[in-house]
A.B. asks: 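The structure under discussion is supplied below as structure tokens; questions concerning it will follow.
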Amino acid sequence: MFKTYTIQNDQRGLLFMKGSYTRYLQPGTYRFSIFTDVKVEVLDVTRPFEVPGKDLQLFLQDEQLRAGLEVIDVSDSEYVLLYEDGKFAGLYKAGKYAFWKGVKEYQTIRVNLLEPELPEHIDRSILPKLGNVAVQAYDVAAEEAGLLYYNNQLVRRLEPGKYYFWRGPIAVMVKTIDLRRQQLDMTGQEMLTEDKVALRLNFVCHYQVTDPLQTVRIRGMEEQIYVSLQLILREYVGTLKLDELLRMKQEIGAFVHKRLCERQGEYGVQFLSAGVKDIILPGEVKEILNTVLIAEKRAHANLITRREETASTRSLLNTAKLMDENATLMRLKELEHLEKICEKIGTISLTGSGGGLLEQLNVLLKPRSEA
């Protein structure tokens with residue numbers, strides 16, 4: 001009485017006697033007595049070598065079996081990318097793996113996890129098959145700069161693009177810095193002028209990050225710029241009286257911008273502009289200024305009225321002198337007024353005799369020499 005095992009050409013067998021591995025079986029038919037404690041593990045050569053519950057190292061002691069296997073030993077600090085017949089088959093982490101020779105052609109790419117960034121020769125098309133377990137990705141937009149950290153230590157600056165890193169013993173982080181023009185608003189900032197007038201300023205400045213490596217060293221950069229702006233404004237406004245301040249709005253912005261530019265290297269930015277948006281006065285001061293403004297406008301209006309009246313009188317005097325010296329000019333002026341009078345008369349009715357109206361018109365129309 002026998003137990004028969006048949007191993008096909010695409011299979012291989014492992015013989016176990018009393019639970020212990022004995023030898024490697026090539027394709028063929030094998031018979032064993034039913035009284036013998038024998039077991040044959042049949043494996044598919046198109047699949048990786050794996051025996052459930054058994055360590056691979058046990059089988060590698062068999063030189064005959066070892067010669068038929070492609071063994072891949074992966075250390076703790078690396079990954080191995082396995083290709084079968086030129087096609088990506090999988091990623092293998094630390095451990096030892098075996099594959100049957102002869103059926104498929106195997107190629108491997110070893111990845112050093114102590115250098116986390118993916119090398120250029122790694123085909124990016126396989127990354128979706130790896131998933132987030134083995135690879136992490138970071139995007140740096142066109143208007144940003146990226147800062148690369150390994151284990152919380154700054155390594156280098158990253159230009160815009162997409163970057164891939166292996167997940168391994170080194171922790172990777174990418175911090176992005178916005179390089180676009182930015183605006184800092186100071187709203188309702190209370191100030192005291194030299195003549196002790198309390199007012200509020202709305203101020204704005206624009207800046208742009210030029211040195212991300214310097215900027216990242218400053219904690220709360222925007223808050224620090226705000227404080228610097230506040231101190232510069234207090235210093236300048238405190239030297240001006242209210243009237244001077246209202247006249248010199250443009251000069252305030254120029255002064256603050258110049259002072260900020262002196263310190264822009266400390267922040268790794270370029271200050272583009274600065275200026276006063278609004279000056280908000282207390283209610284009492286506003287009423288006083290309105291009263292003064294109204295009085296000034298009235299005085300100015302009166303001055304203009306008197307100036308125009310003087311000019312008009314001077315013009316009439318000059319006209320009178322000319323007509324007095326020139327009889328023809330006087331006559332033309334009389335005819336001009338007569339024409340204006342006639343334009344306003346619709347009809348002329350004559351009554352009585354003696355031609356009183358006609359005679360008067362005739363007298364008016366005669367040249368002065370004839371009269």
A.B. asks: Any Lys/Arg nitrogen of Arg180 or Asp178 sitting under 4.0 Å from an Asp/Glu carboxylate oxygen of the other?
C.D. replies: yes

A.B. asks: Search all heavy atoms of Leu179 against all heavy atoms of Gln208 and return the closest pair with its distance.
C.D. replies: O-NE2, 2.9 Å

A.B. asks: Taking the inter-plane angle between the rings of Phe271 and Tyr267 on a 0 to 90° scale, is it parallel (under 30°), tilted (30 to 60°) or perpendicular (over 60°)?
C.D. replies: perpendicular

A.B. asks: Does one hydrophobic cluster hold both Ile218 and Leu213, with members joined at side-chain heavy-atom distances below 4.5 Å?
C.D. replies: yes

A.B. asks: Just to verify, what does Arg259 make a salt bridge (Lys or Arg N to Asp or Glu O under 4.0 Å) with, not counting sequence neighbours?
C.D. replies: Glu235, Glu262

A.B. asks: Got a second to check how far Arg234's CZ is from Leu229's CG, nearest 0.5 Å?
C.D. replies: 11.0 Å

A.B. asks: What's the separation between atom CG in Leu199 and atom CG in Leu246, rounded to the nearest 0.5 Å?
C.D. replies: 8.0 Å

A.B. asks: Report the C-alpha distance between Asp195 and Thr193 in whole Å, list the side-chain angles of each, state the deciding distance to 0.1 Å, and finish with yes or no for side-chain hydrogen bond (donor to acceptor under 3.5 Å, both in side chains).
C.D. replies: CA-CA 5 Å; Asp195 49 357; Thr193 63; 2.4 Å; yes

A.B. asks: Taking the hydrophobic residues Ile, Leu, Val, Met, Phe, Trp and Tyr, and joining any pair whose side-chain heavy atoms are under 4.5 Å apart, which ones share a cluster with Tyr24?
C.D. replies: Leu14, Phe16, Tyr21, Leu43, Val45, Phe49, Val51, Leu56, Leu58, Phe59, Leu60, Leu65, Leu69, Val71, Trp100, Val103

A.B. asks: Where the side chain of Gln214 meets the backbone of Glu266, is there a donor-acceptor pair that is under 3.5 Å apart?
C.D. replies: yes

A.B. asks: Between Met17 and Val38, is any pair of side-chain heavy atoms under 4.5 Å apart?
C.D. replies: yes

A.B. asks: Going hydrophobic residue to hydrophobic residue with side-chain gaps under 4.5 angstrom, can you get from Tyr150 over to Trp166?
C.D. replies: no

A.B. asks: Is there a side-chain contact between Leu82 and Glu84, using heavy atoms and a 4.5 Å cut-off?
C.D. replies: yes

A.B. asks: Flag yes if Leu148 and Val209 sit in one hydrophobic cluster, no otherwise; membership is Ile, Leu, Val, Met, Phe, Trp, Tyr, and two members link when side-chain heavy atoms are under 4.5 Å apart.
C.D. replies: no

A.B. asks: Can you give me the closest heavy-atom contact between Asp139 and Glu144, atom names plus distance?
C.D. replies: O-OE1, 4.5 Å

A.B. asks: Is any side-chain heavy atom of Asp185 less than 4.5 Å from a side-chain heavy atom of Asn202?
C.D. replies: no

A.B. asks: I want to check something: taking the side chain as every heavy atom from C-beta on, are Arg12 and Pro27 in contact at a cut-off of under 4.5 Å?
C.D. replies: yes

A.B. asks: Is the backbone of Glu105 close enough, under 3.5 Å, to the side chain of Asp85 for a donor and an acceptor to pair up by distance?
C.D. replies: yes

A.B. asks: Do Tyr79 and Val74 have side chains that approach each other closer than 4.5 Å (heavy atoms only, starting at C-beta)?
C.D. replies: no

A.B. asks: What side-chain donor-acceptor pairs closer than 3.5 Å can you find for residues 127-136, not counting sequence neighbours?
C.D. replies:
residue, atom, partner, partner atom, Å
Gln136, OE1, Tyr138, OH, 3.2

A.B. asks: Distance from Tyr163 atom OH to Leu118 atom CG, nearest 0.5 Å?
C.D. replies: 13.5 Å

A.B. asks: Would a hydrophobic clustering, with Ile, Leu, Val, Met, Phe, Trp and Tyr connected at side-chain separations under 4.5 Å, put Val80 with Val111?
C.D. replies: no

A.B. asks: How close do Gln26 and Ile7 get, heavy atom to heavy atom, and via which atoms?
C.D. replies: O-CD1, 3.9 Å

A.B. asks: Under a 4.5 Å cut-off applied to non-hydrogen side-chain atoms, are Tyr164 and Arg124 in contact?
C.D. replies: yes

A.B. asks: How far does CE of Met191 sit from CG of Leu233, to the nearest 0.5 angstrom?
C.D. replies: 4.5 Å

A.B. asks: Specify the closest pair of heavy atoms between Val40 and Gly13, including all atoms of both residues, with the distance to one decimal.
C.D. replies: CG1-CA, 4.4 Å

A.B. asks: Supply the atom-to-atom distance Leu272 CG to Gln183 CD, rounded to the nearest 0.5 angstrom.
C.D. replies: 11.5 Å

A.B. asks: Minimum heavy-atom separation for Leu114 to Pro169, with atom names?
C.D. replies: CD2-CG, 4.1 Å

A.B. asks: Does Leu25 reach the side chain of Tyr5, with side-chain heavy atoms less than 4.5 Å apart?
C.D. replies: no

A.B. asks: For Tyr92 and Tyr106, I'd like to know if the aromatic rings sit close, meaning centre-to-centre distance below 6.0 Å.
C.D. replies: no

A.B. asks: Kindly work out whether a path of hydrophobic side-chain contacts (I/L/V/M/F/W/Y, heavy atoms less than 4.5 Å apart) joins Tyr83 to Ile72.
C.D. replies: no

A.B. asks: Got a second to check how far Met173's CE is from Leu147's CG, nearest 0.5 Å?
C.D. replies: 9.0 Å

A.B. asks: Is any side-chain heavy atom of Ile252 closer than 4.5 Å to a side-chain heavy atom of Leu201?
C.D. replies: no

A.B. asks: Between Gln224 and Arg219, is there a donor-acceptor pair closer than 3.5 Å when you use the side chain of the first and the backbone of the second?
C.D. replies: yes

A.B. asks: Testing the basics here: between Asp44 and Asp10, what is the closest heavy-atom pair and its distance to 0.1 Å?
C.D. replies: OD1-O, 3.4 Å

A.B. asks: Okay, side chain of Asn151, backbone of Ala171: is any donor-acceptor separation there less than 3.5 Å?
C.D. replies: yes

